[in-house]
> 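Below are the structure tokens for one structure; questions will follow.
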2 protein chains.
Amino acid sequence: MNQTHPDMPTPAPGADRLPPLPVTVDTVILTVLEGRLQVVLVKRLDEPFAGQWALPGGFVHPTESLESAARRELEEATGAGDVYLEQLYTFGAPDRDTRGRVVSVAYFALVAADRCPLTPHRLEAEAHWFWVKQLPTMAFDHLDMLQVALQRVRTKLEYTTLGFQLMPETFTLQELQKTYEIILDRELDKRNFRRRLKLLDLVEAVGAKRAEGPGRPAELYRFKDVDFFHLREKGFFLPF
Amino acid sequence: MNQTHPDMPTPAPGADRLPPLPVTVDTVILTVLEGRLQVVLVKRLDEPFAGQWALPGGFVHPTESLESAARRELEEATGAGDVYLEQLYTFGAPDRDTRGRVVSVAYFALVAADRCPLTPHRLEAEAHWFWVKQLPTMAFDHLDMLQVALQRVRTKLEYTTLGFQLMPETFTLQELQKTYEIILDRELDKRNFRRRLKLLDLVEAVGAKRAEGPGRPAELYRFKDVDFFHLREKGFFLPF
DNA sequence: CCAATAGTGTCTTTCAGACAGTATTAT
DNA sequence: ATAATACTGTCTGAAAGACACTATTGG
């Protein structure tokens, strides 16, 4: 009822003080790998849910921002830096951790497969990629987090340039389309897909070609430096 | 780096413990009143920012969910219950409160003007509606919160039934359109607006009419019980 | 020349945007 | 009758969806 904030993490006396809460970040790290949409899970060492798989996450340090914390966890889990990261939702049900009240700010990250070491960077706990259609039992409410992330990514894929984050520097249009198909979990029409790309003026040919086995080699493309204002005018929205 | 969560709000010993953080909720309460989009602000009594205006907010109690906390603050500030409430974003910059680290989960609410007592329900602090285009200086990062809320509402207004939350039980189509115009801050075409409503099959005539001064009386409408699955098929998305 | 992959064009439908006239009521 | 408000229909252009053929390469 009182609109003031507490003085410090170490509570000072006062009628309106309430115990501070542990705050964690958990990150849904997604990539497209081996033709599948995959998420990083780490094996829990401690109770509760010891031995089960969980999203990489951890405490927010007192001096870092929430995003910094998420980015730190991300780098520790995958070794990949400079990736797309977006706040997802904050989970704060009183019983979401069996040991007591923990508030968790969930983030999601999109990492390009080529920028992401396959081998787990994390030594003390196992970290693995899991196909999102074949998941193990997950600790806490982490499955909820993942599902929210998937919905968000799929939705935003259609009206943002989110998908670009999963591609290497240069790529063929077929590869790009395949990436979209994998995330959206449905097939797209090749001609319509390319028409839309051309219309939005998002990619440019890099001049080189790449032969994919036999058959005509595919033109290589890169993403143009996008004028976001221009995109917005075309009805394209931005990631938050 | 450790993926486990702490045991309790009262930290137990362990290498991975970090001090818990004060967690608050702040709520952007919006309504359309007197032809304007308005937001509830309360006058701060304590330092810092004493005397300045802020979003209604407060601590998350140990046993309540984040949404419950937001709803509690909402009712205390406006007296209105059973209103649309949606989590907005979590603000956690280390320096967002000058006294120390505070994490704030922002929510936004849409309350129908007729369900919302104009007089401040809150006795110990002044609470007022402010036109979002004529705001006082606001405490903390609350202006950021408000702007995120406005953007979210405006975006979602176009592909969800969010706007319905601001209407009374029955209303004329002109009133509905006006509400949309006020929120979006631009004029809409009457015929196109109605065509879309009809296409989406969102409203039904209630049978009565209401005379608005001289001229032909307007048909009264109510919202249909919407089949959300059906809406989704029509390209309509749901609020989260 | 054959197999394999890359690349392109058209038709149809749907919907948004722009726009002006008719209908109903009170005075 | 007139003023005031409520209500409706059409044309046009943009874009999505469905769909099939041509082009280039290696073997």
Side-chain angles (χ1 to χ4, degrees), chain A residues 35 154-161 163 167-168 170-181 184-222 230-237, chain B residues 35 154-160 163 167 170-181 184-222 230-237:
Chain A
R154 284 172 179 147
T155 304
K156 279 196 141 175
L157 200 64
E158 308 206 347
Y159 61 95
T160 67
T161 55
M167 303 304 296
T170 64
F171 49 87
T172 67
L173 294 187
Q174 195 208 159
E175 288 168 342
L176 182 61
Q177 181 179 341
K178 186 73 63 93
T179 299
Y180 272 71
E181 287 176 336
L184 295 176
D185 199 27
R186 62 185 162 95
E187 297 197 337
L188 303 175
D189 183 86
K190 194 206 295 198
R191 290 157 293 187
N192 295 341
F193 182 78
R194 288 167 188 231
R195 175 179 50 188
R196 185 162 167 73
L197 279 180
K198 191 168 288 180
L199 181 70
L200 293 171
D201 198 31
L202 294 179
V203 297
E204 60 189 356
V206 72
K209 292 176 190 294
R210 175 194 302 164
E212 196 70 45
R216 178 173 172 178
E219 191 74 37
L220 284 173
Y221 287 83
R222 75 163 73 89
H230 193 221
L231 270 186
R232 200 176 252 284
E233 294 223 311
K234 291 190 180 178
F236 228 66
F237 290 89
Chain B
R154 283 172 178 148
T155 304
K156 279 196 142 176
L157 199 63
E158 308 205 347
Y159 62 95
T160 68
M167 303 304 296
T170 64
F171 49 86
T172 67
L173 294 186
Q174 196 208 159
E175 287 168 343
L176 182 60
Q177 180 179 342
K178 186 74 62 95
T179 298
Y180 272 72
E181 288 177 335
L184 294 174
D185 199 27
R186 62 186 160 93
E187 297 197 336
L188 303 174
D189 182 88
K190 194 205 298 197
R191 288 157 294 186
N192 296 341
F193 182 78
R194 287 167 188 231
R195 175 178 52 188
R196 186 161 167 73
L197 278 180
K198 191 167 289 181
L199 182 69
L200 293 171
D201 198 31
L202 294 179
V203 296
E204 61 189 358
V206 71
K209 293 175 189 293
R210 177 194 301 164
E212 197 70 47
R216 177 174 172 176
E219 191 73 40
L220 283 174
Y221 287 82
R222 76 163 74 88
H230 193 223
L231 270 186
R232 199 177 252 285
E233 294 224 312
K234 291 190 179 178
F236 229 64
F237 289 90

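Below, read A as the first sequence line, B as the second, and so on, with proteins coming before strands; counting in each chain starts at 1. If you're wondering where the values come from, they're calculated on a predicted model, not measured in any experiment.
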> Can you find a side chain N or O atom of B:Q174 that sits less than 4.0 Å from OP1 or OP2 on D:dT5?
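Checking B:Q174 against D:dT5: no side-chain N or O falls below 4.0 Å of OP1 or OP2.
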> Could you check which of C:dG7, D:dC11, D:dG9 has an atom nearest any side-chain atom of B:R195?
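Taking heavy atoms from C-beta onward, the closest nucleotide is D:dC11.
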> On DNA chain D, nearest-nucleotide positions of A:R216 versus A:D189: which is more 5'?
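Looking at DNA chain D, the more 5' nearest nucleotide goes with A:D189.
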> In this structure, how many angstroms lie between the P atom of C:dT14 and the CG atom of B:N192, rounded?
18 Å
> Measure from the side chain of B:K190, starting at C-beta and using heavy atoms only, and say which of C:dG9, D:dT8, C:dT24 lies closest.
D:dT8
> In this structure, how many angstroms lie between the P atom of D:dT25 and the NZ atom of A:K209, rounded?
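So the two atoms are 7 Å apart, to the nearest Å.
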> Could you walk me through whether A:E175 and A:R210 pass salt bridge (charged side-chain N to carboxylate O under 4.0 Å, His left out), step by step?
CA-CA 11 Å; A:E175 288 168 342; A:R210 175 194 302 164; 2.5 Å; yes
> Check the distance between D:dC7's P and B:L176's CG and give it to me in whole angstrom.
12 Å
> If you apply the rule side-chain contact (heavy atoms from CB on, under 4.5 Å), what do you find for B:K209 with B:L220, and how did you get there?
CA-CA 5 Å; B:K209 293 175 189 293; B:L220 283 174; 5.9 Å; no
> Please give, in whole Å, the distance from D:dA16 P to A:L197 CG?
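About 11 Å, once rounded to whole Å.
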> Can you tell me which nucleotide in C:dC15, D:dT5, D:dA18 comes closest to the side chain of B:L199?
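The answer is C:dC15, which lies nearest to the side chain.
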> Can you confirm whether B:F171 sits close enough to B:T179 that some side-chain heavy atom of one is under 4.5 Å from a side-chain heavy atom of the other?
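The answer is no; the side chains never approach within 4.5 Å.
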> Expressed in angstrom and rounded to an integer, what is the separation of A:L173 atom CG from D:dT24 atom C1'?
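In whole Å, D:dT24 C1' and A:L173 CG are 16 Å from each other.
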> What do the steps show when you test A:R191 against A:R195 for side-chain contact (heavy atoms from CB on, under 4.5 Å), and what is the final call?
CA-CA 6 Å; A:R191 290 157 293 187; A:R195 175 179 50 188; over 6 Å; no
> Could you tell me how far apart B:E187 (CD) and C:dC19 (P) are, to the nearest whole angstrom?
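Result: 13 Å.
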> Centres of the A:F193 and A:Y180 rings: under 6.0 Å?
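Distance test on ring centres: under 6.0 Å, yes.
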> Roughly, in whole Å, what's the span from CZ in A:R194 to P in C:dG9?
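Going from CZ in A:R194 over to P in C:dG9 covers 12 Å.
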> The side chain of A:R191 lies closest to which of these nucleotides: C:dT8, C:dA16, C:dA4?
C:dT8
> In whole angstrom, what separates A:E219's CD from D:dT24's C1'?
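About 12 Å, once rounded to whole Å.
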